[in-house]
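No experiment lies behind these values; they were computed from the predicted model shown.
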Amino acid sequence: KIKKTNPINLISSSIELIKPFCEIKSLKIGGSNYKVPTEIHPIRQRALAIKFLVLNSLKRNEKSASKCITVEIFDTSSLSSQSIKSCDDIHKIAEANKVYVQYRN
């Protein structure tokens with residue numbers, strides 16, 4: 001079913017699925033370090049999504065890099081990849097530190 005779809009649409013939909021909407025920045029205020037969640041510009045969202053896709057595909061045990069990234073894209077489209085987990089981890093950390101939003105610049 002997945003192999004019969006348009007590859008460009010498959011890649012773009014995979015990137016859309018793993019785009020994070022916020023990230024954590026460490027700020028030092030009054031001698032303490034706080035992890036402050038901040039919003040991300042859409043261009044940076046796309047860059048982070050591609051970074052997640054490439055880094056997590058390189059961790060796979062496949063024979064070639066093209067095979068690794070292909071399997072990662074297929075897993076992302078079926079919502080079971082490591083890239084989606086990376087994005088969710090960032091969102092969980094941001095959710096846990098949302099009390100420090102007041103320190104955002």
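Residues meeting the side-chain hydrogen bond (donor to acceptor under 3.5 Å, both in side chains) test with Ser32, sequence neighbours left out: none. Listed by chain and number, the residues in a side-chain hydrogen bond (donor to acceptor under 3.5 Å, both in side chains) with Gln82 amount to none (sequence neighbours excluded). Applying the side-chain hydrogen bond (donor to acceptor under 3.5 Å, both in side chains) rule to Ser57 yields no partners; only residues at least two apart in sequence or on another chain are considered. Partners of Ile8 by side-chain contact (heavy atoms from CB on, under 4.5 Å), not counting sequence neighbours, listed by chain and number: Asn6. Legend: residues meeting side-chain hydrogen bond (donor to acceptor under 3.5 Å, both in side chains) with Arg44, ordered by chain and number and at least two apart, are Glu23. Scanning for side-chain contact (heavy atoms from CB on, under 4.5 Å) contacts around Ile43 gives His41, with sequence neighbours left out. Residues satisfying the salt bridge (Lys or Arg N to Asp or Glu O under 4.0 Å) test with Lys25, not counting sequence neighbours, are none.
In this structure, Pro37 and Val101 have side chains that are in contact, with non-hydrogen atoms separated by less than 4.5 Å.
The salt bridge (Lys or Arg N to Asp or Glu O under 4.0 Å) contacts involving residues 80-94 comprise Lys85-Asp89, where partners must be two or more places apart or lie in separate chains. Here ring-ring contact (aromatic ring centres under 6.0 Å, His included) pairs that include residues 44-73, with residues two or more places apart or in two chains, number zero. Annotation: side chain to side chain donor-acceptor pair (under 3.5 Å) contacts involving residues 11-21, sequence neighbours excluded, comprise Glu16-Lys19. Residues in residues 47-59 take part in no salt bridge (Lys or Arg N to Asp or Glu O under 4.0 Å) pair, two or more places apart or across chains.
Taking the six-membered ring where tryptophan is involved, the planes of His91 and Phe21 are essentially parallel, since the angle between them stays under 30° and well short of 60°.
Cluster note: Ile24 groups with Ile93 through ILVMFWY side-chain heavy atoms spaced under 4.5 Å, whether in direct contact or through intervening members.
Between Asn56 and Ser83, the shortest heavy-atom contact is ND2-CA, 3.3 Å.
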